[in-house]
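Notes follow once the structure below has been shown.
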Amino acid sequence: MTPIRLTNSMTRKKELFEPLDRQNVRMYLCGPTVYDRAHLGNARPVVVFDVLFRLLRHVYGADHVTYVRNFTDVDDRINATALARKEAGAEGTLEELIHARSDETIRWYHEDMGALGALPPTHEPRATEYIPQMVAMIADLIDKDHAYEAEGHVLFAVDSWREGYGKLSGRSVEDMIAGARVEVAPYKRNPMDFVLWKPSDAELPGWESPWGRGRPGWHIECSAMAHELLGESFDIHGGGSDLMFPHHENEIAQSCCAYPHGSFAKVWLHNEMLMVEGRKMSKSLGNFFTVRDLLDQGVPGEVIRFVLLGTHYRKPMDWTEKKREEAEATLRKWRELTASAQAGGTPNPRVVSALADDLNTWGAISVLHEIAGAIERKQRSDVSQAEMDDFAASAQLLGVLEDNSTMGAWVSDGAVERLAAQPLLDAFATRLFQLRLAAIESKDFTAVDSLKAALTDAGIEVRISKEGVELLPSTDFDPAKLEALK
RNA sequence: GGCGGGUUGGCGGAGAGGUUACGCAGCGGAUUGCAAAUCCGUGUAGACCGGUUCGAUUCCGGUACCCGCCUCCA
């Protein structure tokens with residue numbers, strides 16, 4: 001069995017991964033708040049943890065991994081959109097409009113992440129479906145003196161768990177108060193106390209609870225859903241590094257205090273942020289774009305995925321146009337190379353061990369480059385089917401080079417136009433070849449060169465050899481220009 | 001102010017205490033009427049200053065700079 005090593009944010013060390021139960025390896029990833037289209041930054045953890053999911057399935061068996069990724073569908077931004085729609089005259093109650101907004105966003109999320117080749121998680125719980133579990137957990141925390149009610153709110157008392165609070169993010173309660181950027185509310189015992197439950201007025205979605213009609217705070221949902229679906233102790237909990245504090249810290253506090261016999265997550269994994277042309281992608285900087293924006297611009301999901309995997313998950317990654325181009329060229333080449341590959345190959349052990357080494361995705365890609373190079377250098381007939389299948393299987397561990405009909409369809413984009421232009425291309429190829437033969441006799445190549453230049457200008461790659469002329473339409477092939485040359 | 005991360009060749013980006021990362025670009029060559037494509041070859045880079053060591057880009061300490069978190073955020 002391949003040993004997997006992962007960098008645990010809790011210990012800040014790379015550790016050998018040993019699942020609590022090899023028959024059921026359990027992983028939780030903080031999913032999106034479903035208030036709008038997922039931006040590119042949202043896609044990074046999805047792709048990173050998808051690779052981990054694939055690796056775990058490869059090592060422990062596809063039926064022995066449980067992957068939970070939640071949807072946060074209690075959020076003021078969802079409410080705001082619903083309210084705006086209602087004010088604009090939309091049909092239905094506010095509650096219905098809120099639900100419709102979440103449903104719509106979840107559908108988009110599935111479409112967009114699917115386009116990136118992300119496998120569906122085992123469970124995708126919605127916060128609104130786990131309200132009773134949250135209420136029960138909050139009540140339990142009050143019973144255990146880790147939480148208290150104040151002015152319709154229920155707050156977690158950080159002072160009740162000073163020994164554990166702040167361990168993940170490496171800060172003490174004292175340090176944080178010194179920073180003094182916490183929301184000061186008169187009803188808080190300690191300024192660091194955070195909300196488990198808050199009251200809802202008539203305009204806001206709410207549920208009945210022992211503390212009145214209200215809604216859960218942001219952090220409690222993950223604790224409740226992780227407990228419900230994965231148990232008191234599970235293996236891996238992941239998310240973006242910006243969630244480390246306060247979200248994950250608060251999750252730990254809630255879960256460890258509610259279930260003192262459990263260990264909650266054993267390994268914490270955090271991906272670094274995504275940058276765009278050197279700057280963090282954020283709302284306030286206004287430089288963010290969605291996955292859908294890229295897909296609509298014609299960037300294939302597989303290419304987006306490959307770019308995201310080009311940088312180790314614990315390093316900030318910069319999205320640039322140049323990387324997009326390189327990724328597209330590489331994948332195009334590899335797809336041509338594996339056009340006749342079949343399912344059932346065995347992933348290359350070096351690719352597996354690169355991934356098993358704290359998800360070294362670029363290390364794995366490097367190995368793929370080497371294998372691809374070796375295959376390319378051979379004569380077609382010398383390449384065995386197994387060799388090709390294994391290469392494809394290796395790439396598929398990263399989630400690329402899968403399923404030619406969907407993920408790989410982009411490679412043949414424009415195929416229809418090219419097919420239609422083929423007779424014309426053949427005619428030009430013959431003409432160019434004959435012109436060239438004549439030119440070799442006459443030593444006058446002007447006619448050859450001008451036709452070649454015109455073809456190149458129409459977006460056609462011209463390959464001349466002794467045997468003949470090959471005309472290959474490239475991505476910016478313009479059939480109209482070719483037509484005009486007739 | 002507190003906490004954390006980073007700094008590698010033209011660009012991107014890894015691993016390893018001593019032996020070629022890898023990709024792209026570049027350069028030289030083969031090939032070509034010229035090209036394209038392809039093939040062959042080609043790069044001692046590791047922010048700075050110390051320390052440990054036979055030997056460090058890799059370990060330890062410090063300095064500088066950059067980035068993130070501390071507020072909704074993947």
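Residue numbers start from 1 in every chain, and the chains themselves are labelled A, B, ... in the order their sequence lines are given, proteins ahead of strands. As a basis for the values below, the full set of heavy atoms in this structure was taken, side chains included, without hydrogen atoms, waters or symmetry mates.
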Would you tabulate the nitrogen or oxygen pairs shorter than 3.5 Å linking the protein to nucleotides 29-31 of chain B?
none

Would you confirm whether [X], through its side chain, and [Y], through its main-chain N or O, come within 3.5 Å as a donor-acceptor pair?
X        : Y        : result
A/Arg101 : A/Val34  : no
A/Asp444 : A/Thr446 : yes
A/Asn8   : A/Lys13  : no

Nearest to the side chain of [X] - [options]?
X        : options                : answer
A/Met273 : B/rA37, B/rA74, B/rG33 : B/rA74
A/Trp218 : B/rC69, B/rC73, B/rC34 : B/rC73
A/Lys452 : B/rA36, B/rA35, B/rA74 : B/rA35
A/Glu370 : B/rA74, B/rA35, B/rC22 : B/rC22
A/Ser241 : B/rC22, B/rC72, B/rG68 : B/rG68

Could you list all N or O pairs between the protein and nucleotides 9-14 of chain B that sit under 3.5 Å apart?
| residue | atom | partner | partner atom | Å |
| --- | --- | --- | --- | --- |
| B/rG12 | O3' | A/Lys323 | NZ | 3.4 |
| B/rG13 | OP1 | A/Thr311 | OG1 | 3.4 |
| B/rG13 | OP1 | A/Lys323 | NZ | 3.2 |
| B/rA14 | OP1 | A/His312 | N | 2.9 |
| B/rA14 | OP2 | A/Lys315 | NZ | 3.4 |
| B/rA14 | O2' | A/Asn360 | ND2 | 3.1 |

[atom1] gap between [N] and [M], integer Å:
N      : M      : atom1 : answer
B/rA14 : B/rC22 : P     : 15 Å
B/rU38 : B/rA45 : C1'   : 30 Å
B/rG68 : B/rA74 : C1'   : 13 Å

Do [X] and [Y] get their side chains close enough for a donor-acceptor pair, meaning under 3.5 Å?
X        : Y        : value
A/Glu251 : A/Ser255 : no
A/Asn190 : A/Asp193 : no
A/His39  : A/Thr290 : no
A/Asp103 : A/Thr105 : no

Is the gap between the ring centers of A/His248 and A/His219 under 6.0 Å?
->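 No, the ring of A/His248 stays outside the 6.0 Å limit from the ring of A/His219, centre to centre.
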
Sidechain N-carboxylate O distance under 4.0 Å for [X], [Y]:
X        : Y        : answer
A/Glu104 : A/Arg107 : no
A/Lys322 : A/Glu326 : yes
A/Asp426 : A/Arg431 : no
A/Arg305 : A/Asp50  : yes

Pairing annotation in dot-bracket form, given for RNA chain B with Watson-Crick or G-U pairs under 3.5 Å and | for cross-strand partners = (((((((..(((.....[...))).(((((.......)))))....(((((..]....))))))))))))....

Using a cut-off of 4.0 Å on non-hydrogen atoms, how would the nucleic acid contact of A/Gly41 be classed: base, sugar-phosphate, or nothing?
->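 Counting heavy atoms under 4.0 Å across all strands, the contact made by A/Gly41 includes a base.
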
Taking only residues two or more places apart in sequence or in another chain, which ones pass salt bridge (charged side-chain N to carboxylate O under 4.0 Å, His left out) with A/Asp235?
->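 Per chain and number, A/Asp235 pairs via salt bridge (charged side-chain N to carboxylate O under 4.0 Å, His left out) with no residue.
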
Rounded to the nearest angstrom, tell me the gap between atom [atom1] in [X] and atom [atom2] in [N].
X        : N      : atom1 : atom2 : result
A/Phe245 : B/rC70 : CZ    : P     : 8 Å
A/Asp449 : B/rC34 : CG    : P     : 11 Å
A/Arg463 : B/rG33 : CZ    : P     : 18 Å

Can you list, by residue number, the residues of residues 428-441 of chain A that have a non-hydrogen atom closer than 4.0 angstrom to RNA chain B?
->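 Heavy-atom cutoff 4.0 Å gives A/Arg436.
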
Pull out every residue in residues 65-72 of chain A that has a heavy atom closer than 4.0 Å to any atom of RNA chain B, ordered by number, or say none.
->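 Those residues whose heavy atoms fall under 4.0 Å from RNA chain B, taken from residues 65-72 of chain A, amount to none.
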
Contact summary for [X] and [Y], nearest pair of heavy atoms:
X        : Y        : result
A/Val65  : A/Thr122 : O-OG1, 3.8 Å
A/Leu56  : A/Met27  : CD1-SD, 4.2 Å
A/Arg126 : A/Ser102 : NH2-CB, 3.4 Å

Please lay out, stage by stage, how A/Trp218 and A/His247 fare under the test ring-ring contact (aromatic ring centres under 6.0 Å, His included).
-> CA-CA 8 Å; A/Trp218 173 35; A/His247 184 56; 4.1 Å; yes

